[in-house]
Amino acid sequence: MKEKLLGMTLAELKTAAQACGLKPFVGAQLADWLYAKRVRSWDRMANISKAAREALAARYDLGISDPLGTALSSDGTKKYLFKVVCPMGGGFEESAVESVMIPDVDRFTLCVSSQAGCKMGCKFCMTGRQGFHGQLDAADILNQFFSIDESAELTNAVFMGMGEPLDNYATVARVIEVLTAPWGFAWSPKRITLSTIGVLPALKRFLDEQRCHLAVSLHNPFPEERLEMMPVQRAWDIRAVLDLIRQYDFSGQRRVSFEYTMFAGFNDDKRHADALIRLLRGLECRVNLIRFHEIPDFPYRCATDPAMEAFRDRLNNHQILCTIRSSRGEDILAACGMLAGQHSEPS
Ligand code: SF4
């Protein structure tokens, strides 16, 4: 397979140009065409000579590919399906990943996938059910930004799609570099949120190296109950995750939020609200309550609206900012925990 240009840094693009016998400034031109102008074919790179383009194309792929299909929700949310080929077990495995474009009054947010499937096995998550099918490379992740109809309108990104982004941190860090560098998309890190279940060593690196927002999937304040739903709790206790987070400043530009999916009779009562208040006390943060979207062969249902409202009010009354997040894209299986790399309603 040829190396892909998409995902290379400016320095790497210059090296790639030199490897084809071209001047380093061609690398800067490539960065401009790819990342600033977001062209999708060699032909559009008008200020690079035909001979230079041919030399580059003989050695490199752009790394850009069209989605296999889309599904449009009644609320405007749009799900895209992309084919990916990931290194697995000494060979390659073809798989599919999904991205979700969520339009809002003043923003277009892309919920982006970082792995094909996931190793983490959270019981309530369709992606976790399908197991792990390989790491996406930087081109696979950036292609999700490039190859959707709304590419030019995107304002924000959340690493909340398929996979645990901190289990593919080096690649995700590279993508964040492309998104935020002046030679790349030149986005502010404030436009990017990374969501994790708390992979501790990589979380420390993320907090040290990045300025993006952080979202942590918490879901239960009691370690033994959290473990029932999230095997990660055995390796990295949520209390250790919080101890680490408390060492960083979230009172300014960077924000931390906690995702709390609400299951009836499991984590939706006063006892849980009070334990969550104790766990988060003193931390500048926000809690997002998420409706659980039922999945097959899983015993739990979503908490009732009154239970969710009481939970929210209890947290707010104890100075922990808490909101019930509106659910988007449920009719096309694009809501939280529903992504499975399958095409639901082609349009
Ligand atoms: Fe993986 Fe996230 Fe699903 Fe857990 S919730 S299985 S980390 S994709």
Side-chain angles (χ1 to χ4, degrees), residues 79-82 84 86 88 95-100 102 110-136 140-141 144 157-169 171-172 175 192-203 205-206 212-220 223 225-238 240-241 245 256-263 266-267 287-298 300 302 325 327-330 333-342:
K79 184 167 75 167
Y80 287 86
L81 187 75
F82 290 99
V84 290
C86 304
M88 273 294 277
S95 191
V97 297
E98 293 172 327
S99 324
V100 182
I102 307 154
L110 186 67
C111 178
V112 64
S113 291
S114 53
Q115 296 181 307
C118 185
K119 296 175 198 162
M120 299 296 157
C122 304
K123 299 242 169 43
F124 49 83
C125 169
M126 287 298 284
T127 308
R129 290 257 182 111
Q130 68 168 242
F132 181 62
H133 300 284
Q135 301 285 23
L136 301 195
D140 293 331
I141 299 176
Q144 299 170 55
V158 289
F159 285 88
M160 266 184 207
M162 297 171 70
E164 162 55 62
L166 292 185
D167 189 41
N168 190 11
Y169 176 66
T171 301
V172 167
V175 170
I192 301 167
T193 302
L194 181 140
S195 173
T196 179
I197 57 172
V199 177
L200 210 47
L203 178 58
R205 281 187 63 194
F206 171 79
C212 310
H213 301 309
L214 173 69
V216 176
S217 298
L218 200 154
H219 306 314
N220 202 306
E225 291 182 16
R226 188 171 187 259
L227 181 60
E228 281 178 38
M229 294 263 189
M230 303 174 74
V232 71
Q233 172 66 28
R234 197 183 310 281
W236 294 298
D237 190 324
I238 189 64
V241 171
I245 289 172
V256 60
S257 58
F258 294 91
E259 311 294 306
Y260 195 97
T261 302
M262 297 210 65
F263 305 94
F266 177 70
N267 65 353
V287 173
N288 293 315
L289 302 183
I290 300 168
R291 287 177 212 287
F292 171 59
H293 304 287
E294 291 173 21
I295 59 173
D297 306 320
F298 185 72
Y300 288 101
C302 182
R325 209 163 67 192
S327 193
R328 304 288 300 266
E330 190 177 353
L333 304 182
C336 274
M338 300 179 93
L339 299 184
Q342 288 163 1

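Because the structure is predicted, anything quoted here is derived from the model rather than measured. Remember, it's 1-based here, ligands and their atoms both numbered in the order they're listed.
With sequence neighbours left out, the salt bridge (Lys or Arg N to Asp or Glu O under 4.0 Å) criterion links R129 to no other residue.
Evaluation of the salt bridge (Lys or Arg N to Asp or Glu O under 4.0 Å) test over residues 112-127, restricted to residues two or more places apart or in two chains, returns K119-D167. Among residue pairs with one or both ends in residues 288-298, those qualifying as salt bridge (Lys or Arg N to Asp or Glu O under 4.0 Å) are R291-D305, E294-R301; sequence neighbours excluded.
Here D237 contributes atom CG and L227 contributes atom CG; the two are 9.5 Å apart, rounded to the nearest 0.5 Å.
Ordered by chain and number, C118 SG make up the set of protein N, O or S atoms under 2.8 Å of atom 1 (Fe) of ligand 1.
Within the 3.5 Å criterion, the main-chain N or O of T261 finds a donor-acceptor partner in the side chain of N267.
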Candidate pair N168 and Q115, rule side chain to side chain donor-acceptor pair (under 3.5 Å), full reasoning = CA-CA 7 Å; N168 190 11; Q115 296 181 307; 5.9 Å; no
